[in-house]
> 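Mind having a look at this structure? Questions to follow.
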Amino acid sequence: MTSTFSEESFGEEKRSLNFIETIIEEDIANRKNEARVHTRFPPEPNGYLHIGHAKSICLNFGMAEKYQGKCNLRFDDTNPEKEETEYVESIMDDVRWLGFQWDKEPYYASDYFEQLFEWAVLLIKKGLAYVDDQSQEVISQQRGTPTRPGIESPYRNRSVEENLDLFMRMKNGEFPNGSRVLRAKIDMSSPNMHMRDPVMYRILHAEHHRTDNTWKIYPMYDYAHGQSDYLEGITHSLCTLEFEVHRPLYDWFLDQIIETSYRPRQIEFARLNLSYTVMSKRKLLELVKNGHVNGWDDPRMPTIAGLRRRGYTPASIRAFADRIGVAKRDNVIDVGLLEFTVREDLNKIAPRVMAVLDPLKVVITNYPTGKIEYVELENNPEDPQSGTRNLAFGRELYIERDDFMVDPPSKYFRLAPGKEVRLKGAYVVRCESFETDTDGTVQTVFCTYDEETKSGTGPKQPKVKGTLHWVEASTAIDAEIRLYDRLFMDEDPAGHKDRDPLEFLNPDSLKIITGKLEPSLAGVVPDEKFQFQRIGYFCVDKDSKAGALVFNRTVLLKDNWAKQSGK
RNA sequence: UGCCCGAUGGUGUAAUUGGCAACACGUCUGACUCUGGAUCAGAAGAGUUCAGGUUCGACCCCUGAUCGGGCAACCA
């Protein structure tokens, strides 16, 4: 094994290789395929990319980066009935957003239709492919079952001439959909179902998003994928485990056409599963179509577009992909790990601001009426470069309703009658009294402040247990805050036989409230990210406008008090 | 009663290719803190699915079993 490429630069922790890196390094050491590394990310443009695809993207582009190779973006568009340009666009957006750059232009399997067709003709001439006139049902029956061998089609031994003629006429559109297929002649009794004379081409009179109506026949995945890899010079074709049984077929087709020593190799890894969510395109599409979420980029969706709108950063997703690793065993990653990686990134980069989501009025009774002063606050204690800002302080403020209790337990470090807290960046205040409405809900809390405790400059700096965030009432601005929670209440919503994942939908996955924010936020634009001090990370939604701000909650801060008091 | 994969703390991923298991998240302590965040220090938690075998020595090799996943679209 060469260690040339496994050495990490100084400061980075040195990690052991995953099984794919091990294979690649062996191949490089053996100078297989001239020691080139060329991968590809091959999505079908029939839906939006999700976090599982992000794993594949990071893997494929990551291997290319690590071994100074290349990675193609290739749209696997062999089924005109499901594929749309909208998806092509979104996929390119997502890959770019994650920070990867594909080699040259995006490729399309449809670019190879002509070549694929010629190779099909070649297979017919070699006696390795034939036109079958039977119906889908009959062909399916003849295929047998996993435990019973199939039987051969009566059309299996047609002459090359007849096959050629029929295949041409299929191509020319002379036959209706479903009337004939081209099949590879392999082995109807193979224990591997995929080798039982698989279909190579079907007749589809459908408009293709790129080739329009030129083609009346379309190649199947198995017939197109390996050859596409070959045409692009791919060396390591990484795909998920369910394609493992396809590998003999991948190799079989390549065997028939390859004349060089170069050959791509398919390697399978386990797809990502995330707890408390669903990951199949079909189920995600259902969520969108049935209106359980507001589109593919709804911040509750595990799509890349959804995560982006939720406030996740590319760095956090790449860090996530990094930590989950790559292996062949089935896995379910705790969604908490994803949340950890965003917090980790946002903690470093998100400016801190004051925002009160459930406001409770506080009156500082000994503070002059009408006076406003400005206190200085750090923008981000984690980032010394981020500077400070001035924030209005006055007699009437809002604090979080959770931060006051009439009759608190002993470990409660916040405001309560007779207790003192620090208002972050301002003064220490003491709660003298409070006022409730008729049903006992606290309406206003009355405090006194000590002018000498002013943050930083005051002569008295008493140690107080609690520090609260706050906003000054007359200058605070309102904003719509969208509080997102997990979409499903079950850890594995799709993992129950006889139960629809929709049964586990979380009815409280979105709550919309109006919060009070510090005025410096008036000019924010979509995608800006902040830490609402002591609450969590929030980002500006694309629906946000000046005067009608909208924030999405990305993730809460870790909250040991909630954990402790919840028990 | 087929074929192909896989099985290591709660969750993931490792173990210099045979020298008695490490890292991350999570959990729990404690310190620090003008964010009950972050940071720092520490702890608990698996003896590697099971049973045999080879070996001085097995997570690693062999045999068998068990459990889990995948395969019967003219989907990818």
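From a predicted model like this one, the values you see are computed outputs, not experimental measurements. Side chains included, hydrogens not; waters and symmetry mates left out as well; all remaining heavy atoms used.
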> Could you give the NZ-to-C1' distance, from K563(A) to rC28(B), as a whole number of Å?
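It is 9 Å, rounded to the nearest whole Å.
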> Quantified in whole Å, what is the P atom distance between nucleotide rU54(B) and nucleotide rC59(B)?
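These two P atoms come out 16 Å apart once rounded.
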> So for R329(A) and rU8(B), does any side-chain atom that can act as donor or acceptor lie under 3.5 Å from a complementary atom in the base?
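For R329(A), whose side chain was compared with the base of rU8(B), there is a donor-acceptor pair (under 3.5 Å).
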> Give the rounded distance in Å between these two atoms: CG of N331(A) and P of rC25(B).
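So the two atoms are 18 Å apart, to the nearest Å.
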> Need one value for V464(A): base, sugar-phosphate or nothing, where a base atom within 4.0 Å counts as base even if backbone is also close, heavy atoms only.
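Since no nucleic acid heavy atom lies under 4.0 Å of V464(A), the category is nothing.
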> Rounded to whole Å, how long is the line connecting atom CD1 of I399(A) with atom P of rG36(B)?
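Result: 13 Å.
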> Using atom names, set out every protein N or O paired with an N or O of nucleotides 37-39 of chain B below 3.5 Å, distance rounded to 0.1 Å.
{"unit_1": "rG37(B)", "atom_1": "OP1", "unit_2": "N560(A)", "atom_2": "ND2", "d": "2.3"}
{"unit_1": "rG37(B)", "atom_1": "N2", "unit_2": "R352(A)", "atom_2": "NH2", "d": "3.3"}
{"unit_1": "rG37(B)", "atom_1": "N2", "unit_2": "E382(A)", "atom_2": "OE2", "d": "2.8"}
{"unit_1": "rA38(B)", "atom_1": "OP1", "unit_2": "K558(A)", "atom_2": "NZ", "d": "3.4"}
{"unit_1": "rA38(B)", "atom_1": "O2'", "unit_2": "N347(A)", "atom_2": "ND2", "d": "3.2"}
{"unit_1": "rA38(B)", "atom_1": "O2'", "unit_2": "E382(A)", "atom_2": "OE1", "d": "3.4"}
{"unit_1": "rA38(B)", "atom_1": "O2'", "unit_2": "E382(A)", "atom_2": "OE2", "d": "3.3"}

> Answer yes when R389(A) and E376(A) have at least one side-chain N-carboxylate O distance shorter than 4.0 Å, and no when they do not.
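Salt bridge absent between R389(A) and E376(A).
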> Any salt bridge linking R210(A) with D111(A)? Criterion: basic side-chain nitrogen under 4.0 Å from a carboxylate oxygen.
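Answer for the salt bridge query: yes.
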> Give a yes or no answer on whether the side chain of T211(A) reaches the backbone of H208(A) with a donor-acceptor pair at less than 3.5 Å.
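No; zero donor-acceptor contacts below 3.5 Å.
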> Could you check whether H246(A) gets within reach of a base, just the sugar-phosphate, or nothing at all, counting any heavy atom under 4.0 Å?
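The residue H246(A) makes base contact.
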> Determine, for R352(A) against E378(A), whether the closest basic-nitrogen to carboxylate-oxygen distance falls under 4.0 angstrom.
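The answer is no: the pair does not qualify as a salt bridge.
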> Give a yes/no on whether any side-chain N or O of S135(A) is located under 4.0 angstrom from OP1 or OP2 of rC74(B).
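So the side-chain polar atoms of S135(A) never come under 4.0 Å of the phosphate oxygens OP1 or OP2 of rC74(B).
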> Please work out if Y412(A) contacts a base, only the sugar-phosphate, or nothing of the nucleic acid, heavy-atom cut-off 4.0 Å.
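Contact class for Y412(A): base.
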> Check every strand shown and say whether R196(A) touches a base, only sugar-phosphate, or nothing at a heavy-atom separation below 4.0 Å.
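Contact class for R196(A): none.
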> Separation of E84(A) atom CD from rA76(B) atom P, in whole Å?
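Distance, rounded to whole Å: 16 Å.
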> Just call it for E244(A): base, sugar-phosphate, or nothing, with non-hydrogen atoms closer than 4.0 Å on any strand.
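E244(A): backbone/sugar contact only, no base atoms under 4.0 Å.
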> Okay, side chain of K529(A), backbone of Y312(A): is any donor-acceptor separation there less than 3.5 Å?
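Not a single qualifying donor-acceptor pair exists.
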> Which nucleotide, if any, forms a Watson-Crick or G-U wobble pair with rC32(B), using both distances under 3.5 Å?
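Per the H-bond distance test, none.
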> Heavy atoms only, 4.0 Å cut-off, all strands: where does K348(A) land among base, sugar-phosphate and nothing?
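Contact class for K348(A): none.
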> OP1 or OP2 of rA76(B) versus the side-chain N and O atoms of R202(A): is any pair under 4.0 Å?
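Affirmative; the distance criterion is met.
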> Have a look at V245(A) and say if it touches a base, only the backbone sugar-phosphate, or nothing, with a 4.0 Å heavy-atom cut-off.
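Since a base atom lies under 4.0 Å of V245(A), the category is base.
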> Who is the Watson-Crick or G-U wobble partner of rU27(B), with both distances under 3.5 Å?
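Base partner found: rA43(B).
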> Syn or anti: how is rU27(B) classified when any glycosidic angle within 90° of 0 counts as syn?
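That one's anti.
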> Just call it for E44(A): base, sugar-phosphate, or nothing, with non-hydrogen atoms closer than 4.0 Å on any strand.
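Counting heavy atoms under 4.0 Å across all strands, the contact made by E44(A) is with sugar-phosphate only.
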> Is the ring of W561(A) stacked on the base of rG36(B), with centres less than 5.5 Å apart and planes under 30° off?
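According to the criterion (under 5.5 Å, under 30°), yes, W561(A) stacks.
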> State, with a plain yes or no, whether a side-chain heavy atom of F538(A) is found less than 4.5 Å away from one of I481(A).
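F538(A) reaches I481(A) side chain to side chain.
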> Checking all strands, does R143(A) fall into the base, sugar-phosphate, or nothing category for heavy-atom contacts under 4.0 angstrom?
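It contacts sugar-phosphate atoms only.
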> Between L423(A) and T147(A), which is nearer to the 5' end of RNA chain B once each is assigned its nearest nucleotide?
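The 5'-side residue here is T147(A).
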> Which whole-number value in Å describes the distance from L241(A) CG to rC5(B) P?
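Those two atoms, CG and P, are 11 Å apart.
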> Mind calculating the distance between CE (M220(A)) and P (rA73(B)) to the nearest angstrom?
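Taking atom P of rA73(B) as the reference, CE of M220(A) is at 10 Å.
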> Determine which nucleotide pairs with rG37(B), using a 3.5 Å limit on both distances of a Watson-Crick or G-U wobble pair.
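Result: none.
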> Are the side chain of H205(A) and the backbone N or O of F175(A) linked by a donor-acceptor pair below 3.5 Å?
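Indeed, once roles are kept as given, a pair shorter than 3.5 Å links the two residues.
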> Want to settle it: does N46(A) or F413(A) sit nearer the 5' end of RNA chain B, counting the closest nucleotide to each?
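Result of the comparison: F413(A).
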> rU55(B) pairs with which nucleotide, Watson-Crick or G-U wobble, both distances below 3.5 Å?
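Pairing partner, where one exists within any strand: none, as none qualifies.
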> Could you tell me whether the phosphate oxygens of rC75(B), OP1 or OP2, come under 4.0 Å of any side-chain nitrogen or oxygen in T78(A)?
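Result: no.
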> P atom, rU49(B) versus rC67(B): distance in rounded Å?
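About 16 Å, rounded to a whole number of Å.
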> Please report the distance separating the C1' of rC25(B) from the corresponding atom of rG70(B), rounded so that it comes out in whole Å.
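It comes out at 29 Å once rounded to the nearest Å.
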> Distance between the P atoms of rA51(B) and rA15(B), in whole angstroms?
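Per the computed distance, 25 Å lies between those P atoms.
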> Nearest whole Å is fine: how far is rG36(B) C1' from E400(A) CD?
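In whole Å, rG36(B) C1' and E400(A) CD are 14 Å from each other.
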> Strictly below 4.0 Å: does R534(A) bring a side-chain N or O up to OP1 or OP2 of rG36(B)?
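Yes, such a contact exists.
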> Could you tell me which nucleotide pairs with rC67(B) by Watson-Crick or G-U wobble geometry, both distances under 3.5 Å, or answer none if nothing does?
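Result: rG6(B).
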> Between rU35(B) and rC28(B), how far is it from one C1' atom to the other, in whole Å?
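Those two atoms are separated by 23 Å.
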> Between F253(A) and L123(A), does a side-chain contact (heavy atoms from CB on, under 4.5 Å) hold up when you go through it step by step?
CA-CA 9 Å; F253(A) 282 125; L123(A) 289 204; 4.1 Å; yes
> Taking atom C1' in both rG57(B) and rG12(B), what distance in whole Å separates the two?
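Taking atom C1' in both rG57(B) and rG12(B), they lie 30 Å apart.
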> Is D450(A) paired with K460(A) through a side-chain N to carboxylate O contact shorter than 4.0 Å?
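Salt bridge flag = yes for D450(A) with K460(A).
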> Below the 4.0 Å mark, does rC5(B) have OP1 or OP2 next to a side-chain nitrogen or oxygen of R271(A)?
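Checking rC5(B) against R271(A), no side-chain N or O comes under 4.0 Å of OP1 or OP2.
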> Would you mind reading off the distance between Q564(A) atom CD and rU29(B) atom P, rounded to a whole angstrom?
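These atoms are roughly 8 Å apart.
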> By the rule that syn is within 90° of 0, classify the base conformation of rG47(B) as syn or anti.
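Glycosidic conformation of rG47(B): syn.
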> P atom, rC23(B) versus rA44(B): distance in rounded Å?
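These two P atoms come out 13 Å apart once rounded.
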> Less than 4.0 Å between a side-chain N and a carboxylate O, is that true for R534(A) and E400(A)?
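So E400(A) does not pair with R534(A) through a salt bridge.
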> Less than 4.0 angstrom from a charged side-chain N to a carboxylate O is my criterion; do R271(A) and D330(A) meet it?
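A salt bridge is absent here (no side-chain N lies under 4.0 Å from a carboxylate O).
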> Is the shortest side-chain N/O distance from K328(A) to OP1 or OP2 of rG69(B) below 4.0 Å?
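No.
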> Pick the C1' atom in rU55(B) and in rU63(B), then give their distance to the nearest Å.
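Their C1' atoms lie roughly 16 Å apart.
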> For T145(A), does its backbone N or O pair with a side-chain atom of R196(A) as donor and acceptor, under 3.5 Å?
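Side chain of R196(A) to backbone of T145(A), a donor-acceptor pair under 3.5 Å: yes, one is there.
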> Which part of the nucleic acid, if any, lies within contact of G425(A), taking any heavy atom under 4.0 Å across all strands shown: a base, the sugar-phosphate backbone alone, or nothing?
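Base contact - G425(A) has a heavy atom under 4.0 Å of at least one base atom.
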> Name the nucleic acid region contacted by F243(A), choosing base, sugar-phosphate or nothing; use a 4.0 angstrom heavy-atom cut-off, strictly under.
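Since a base atom lies under 4.0 Å of F243(A), the category is base.
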> Since syn is defined as within 90° of 0, does rA41(B) count as syn or as anti?
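Base orientation: anti.
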